[in-house]
Amino acid sequence: MRALFGGRSEVVKTLSAVDWPGRRRELNRLIEDFEATAQSANRTVHAITGGKPSPSPELMEAAVRSWFRERVERPDFDGTADPGQEPFTSIEAQRADLQRLATSLGAETPVTTAWIAQDMIEQNGWSVEAGSNTFRRLSRLVARGQLAALGRQRQDLALLPRRTDDEMFSAENFRLDEERAKARPAAHVSIRSLFAKYLAERKPAAATEKAWSRFIAAWVEFIGHDDAAAITPDDVLRWKDHLASEPIAAGQCRSAKTVNETYLAALRTVLGWGVSNRLLSANAASGIRVYGPRRQRTRDASFSDGEATAILRASLRSPPIGVSSQRALAIRWVPWICAYTGARVNEVTQLRADDIYQEEGVWVIRITPEAGSTKNHRYRAVALHNHILEQGFLEAVSNLRGPLFYDPAQYRGGKKGNPQSKKCGEFLARWVRTEAKVTDPRVQPNHGWRHRFKTVARRVRMDAEVCEYIQGHAGRTEGSKYGEQPPSVTAREINLIPRYQL
DNA sequence: GTGCATCGGACAGGCCGACT
DNA sequence: AGTCGGCCTGTCCGATGCAC
């Protein structure tokens with residue numbers, strides 16, 4: 001192995017890039033190179049040492065029986081061959097050789113026997129050296145198979161009933177082979193490789209990849225192996241109990257929802273993918289779930305009037321000392337946009353300068369997965385409320401380029417699951433707690449706007465279908481998925497929301 | 001020291017396909 | 001078409017680390 005790494009036991013590389021994104025890219029490239037080298041080295045070592053199993057006598061016998069069955073069931077194996085034909089006579093000529101090999105140790109291996117044996121070794125992925133004892137043993141078994149096939153052929157030619165002279169080819173032995181094959185575990189399938197294939201095919205959102213990677217890792221950690229085919233329902237049950245009873249922070253346990261719909265769902269889905277792609281025979285996690293108490297709600301999820309005005313008032317105060325211009329801009333405008341459009345906070349924090357434009361004479365914001373992500377993977381354009389325009393939002397962003405609420409230059413090369421736009425949303429959540437002093441843990445600091453938007457929309461009888469569109473909910477009925485909500489329509493409905501008087 | 005980036009983690013929200 | 005539940009995604013919070 002060491003020789004394949006230039007005789008070294010350590011690999012040291014120095015990063016040459018001067019900035020963080022560059023370094024991260026360089027590091028990723030180096031890691032990829034290293035892993036590729038390690039993999040190819042592994043393959044080389046594997047090829048040298050075999051790594052492949054040496055077959056047991058039982059396995060070899062079974063393989064010869066399987067060859068025999070295939071041979072005699074082949075369409076060209078019939079009793080019509082003319083005994084005078086060349087192939088027939090040559091087989092007859094080999095008969096004596098085969099007989100000698102099958103019964104005595106020192107005999108020469110006929111070339112056909114060697115070919116069949118070699119083919120068998122390759123087919124089964126065995127490690128058997130030509131000329132080794134195992135090879136000779138296999139050759140003798142193959143010779144017995146050839147003799148039995150020959151005997152069968154002679155019986156067919158002479159229209160004699162088929163009879164098995166060699167016990168090795170008895171019906172009972174074929175039956176036992178089938179039983180053993182059923183009992184034998186399937187080829188090793190690692191749960192990590194299944195997950196990787198699932199990711200490659202499904203291409204889930206970055207947030208999902210981030211979360212599920214942890215769950216799969218937690219599973220492997222718990223069960224102590226990586227073999228997906230070896231997982232039993234009892235294993236999964238033990239994991240379920242462990243997850244539901246393990247104390248997490250503050251002496252609490254995970255909720256049933258967390259266990260069922262994140263940890264178990266991830267495992268179940270990945271195993272299910274394995275089953276549907278014929279890599280596994282059963283989904284060991286299927287149907288396993290925790291039954292826990294329902295969560296109780298003791299207040300409305302939307303901001304109260306007092307909370308809403310507290311946040312909006314705080315947005316007008318000068319921002320905390322030291323925050324970047326982007327964060328200051330976020331504090332000033334994001335709460336207002338959330339209040340008047342009911343958008344998800346990160347749909348707003350990912351807005352770019354180009355996403356604010358005029359259409360049909362109406363100023364709109366474009367919320368699009370291109371900027372980062374949207375939950376329903378769809379684009380939408382939503383009018384800005386007159387109150388936002390009057391406060392000078394357009395002027396505030398008119399000179400900006402690119403993302404409005406975070407600075408791409410600050411990017412250090414983090415994964416897609418932790419984008420800067422989300423961090424801006426998290427920053428605002430903290431700001432709501434500490435600066436705007438909305439501290440009730442039963443209401444979410446940003447998401448509370450979405451609930452409130454819906455509540456207010458009902459109060460002013462906003463058109464329900466347009467409201468769904470504005471908030472970026474997938475259409476509830478088939479009909480609502482057709483057609484568009486033009487800016488003039490969203491403008492009309494959005495301006496039904498009464499102005500916040502501070 | 002501090003602001004921002006990153007990651008780990010719990011869980012709420014909500015899409016969407018299956019089932020009537 | 002409406003309902004339901006599983007799957008998936010986003011929100012929120014905590015901890016830690018780096019650069020200025």
Side-chain angles (χ1 to χ4, degrees), chain A residues 19-21 23-24 198-199 202-215 217-218 243 246 248-250 252-270 272-273 285-289 292 294-295 297 301 319-328 330 338 343-350 369 372-378 406-434 441-451 454 468 471-481:
Chain A
D19 59 336
W20 268 107
R23 284 180 202 160
R24 176 70 76 139
Y198 172 81
L199 288 182
R202 181 72 156 95
K203 297 186 177 58
T208 307
E209 179 175 344
K210 174 187 167 185
W212 287 27
S213 302
R214 282 179 36 241
F215 305 142
L243 289 170
E246 184 187 34
I248 53 174
Q252 296 245 323
C253 292
R254 289 183 189 88
S255 72
K257 181 173 170 70
T258 301
V259 176
N260 286 331
E261 296 177 27
T262 61
Y263 287 83
L264 288 175
L267 183 65
R268 191 163 43 232
T269 304
V270 172
W273 187 88
S286 151
I288 293 175
R289 56 166 296 161
R294 300 262 190 105
R295 196 176 74 101
R297 272 238 142 97
I321 300 151
V323 299
S324 62
S325 62
Q326 290 86 359
R327 293 242 157 137
C338 287
R344 294 178 186 87
V345 64
N346 289 329
E347 292 174 335
V348 180
T349 58
Q350 72 194 10
S373 61
T374 64
K375 196 151 185 170
N376 60 2
H377 311 107
R378 278 190 203 117
Y406 63 92
D407 178 9
Q410 299 262 30
Y411 177 61
R412 296 189 203 149
K415 296 200 182 107
K416 279 200 167 150
N418 306 305
Q420 282 171 283
S421 57
K422 279 196 181 180
K423 301 308 140 184
C424 179
E426 292 167 14
F427 165 79
L428 286 171
R430 280 170 239 233
W431 171 84
V432 166
R433 295 295 193 212
T434 58
R442 296 169 300 175
V443 68
Q444 299 182 82
N446 289 316
H447 210 70
W449 284 120
R450 260 171 95 67
H451 291 282
K454 206 90 178 181
E468 299 247 304
Q471 291 204 281
H473 284 123
R476 198 177 299 226
T477 62
E478 234 9 74
S480 67
K481 289 178 195 161

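Each chain gets a letter, A, B and so on, in the order the sequences are listed, and its residues count up from 1. Keep in mind that the numbers below use all heavy atoms, side chains included, and drop hydrogens, waters and symmetry copies.
The distance from atom NZ of A/K210 to atom P of B/dC11 is 16 Å, rounded to the nearest whole Å. Rounded to an integer number of Å, the gap from A/F215 CZ to C/dG6 P is 16 Å. Summarising the geometry, the separation between CZ on A/R430 and P on B/dA5 is reported as 12 Å, rounded to the nearest angstrom. Note: NZ (A/K422) to P (B/dG8) measures 14 Å, nearest angstrom. Atoms CG (A/N260) and P (C/dG6) sit 8 Å apart, rounded to a whole Å. With rounding to whole Å, A/E209 atom CD is found 13 Å from C/dC8 atom C1'. As a whole-Å value, the separation of A/K257 NZ from B/dG9 P is 20 Å. Atoms CZ (A/R344) and P (B/dG14) sit 6 Å apart, rounded to a whole Å.
The phosphate of B/dG9 (OP1 or OP2) has no side-chain N or O of A/T262 nearer than 4.0 angstrom. At B/dA12, none of the side-chain N or O atoms of A/H451 fall inside 4.0 Å of OP1 or OP2 (strictly under the cut-off). In this model, the phosphate group of B/dC11 is approached by a side-chain N or O of A/T258 to a distance below 4.0 Å at OP1 or OP2.
Taking all atoms of both residues into account, the shortest heavy-atom contact from A/R450 to A/Q471 is NH1-O, 2.9 Å.
You won't find any donor-acceptor pair under 3.5 Å spanning the side chain of A/Q410 and the base of B/dC4, going by distance alone.
Nearest-nucleotide positions on DNA chain B place A/K423 closer to the 5' end than the other of A/K423 and A/A211. A residue-by-residue look at A/R214 and A/S325 shows that A/S325 has its nearest nucleotide of DNA chain B further toward the 5' end.
The side-chain heavy atoms of A/T262 and A/F215, taken from C-beta on, include a pair separated by under 4.5 Å. Using a 4.5 Å heavy-atom threshold, the side chains of A/R214 and A/Y263 count as touching. Residues A/C338 and A/N446 have side chains not in contact (no heavy-atom distance under 4.5 Å, counting atoms from C-beta outward). Considering only heavy atoms from C-beta on, A/V323 stays 4.5 Å or farther from A/W431 through its side chain. Between A/K423 and A/Y406 there is no side-chain heavy-atom pair separated by less than 4.5 Å.
Among the heavy atoms of the strands lying under 4.0 Å from A/R254 are primed sugar atoms or P, OP1, OP2 only; no base atom is included. Residue contacts for A/R327: at a heavy-atom cut-off of 4.0 Å it reaches the sugar-phosphate backbone alone, with no base atom in range. A/S324 comes within 4.0 angstrom of sugar-phosphate atoms only, judged by non-hydrogen atoms across all strands, and of no base. Backbone-only contact: A/S255 has heavy atoms under 4.0 Å from sugar-phosphate atoms and none from a base. Within the 4.0 angstrom heavy-atom criterion, base atoms lie near A/T208. Using a 4.0 Å heavy-atom cutoff across all strands shown, A/Y263 reaches sugar-phosphate atoms only and no base atom. Residue A/Q420 is in sugar-phosphate contact alone, with no base atom involved, counting any heavy-atom pair closer than 4.0 Å across all strands shown.
The overall bend of the helix from B/dG1-C/dC20 to B/dT20-C/dA1, read as the angle between its terminal helix axes built from five base pairs each, is 30° when rounded to 10 degrees.
Proximity of a side-chain donor or acceptor of A/S421 to a complementary backbone N or O of A/T349 within less than 3.5 Å is not detected. In this structure, the side chain of A/E209 does not engage the main chain of A/L199 through any donor-acceptor pair within 3.5 Å.
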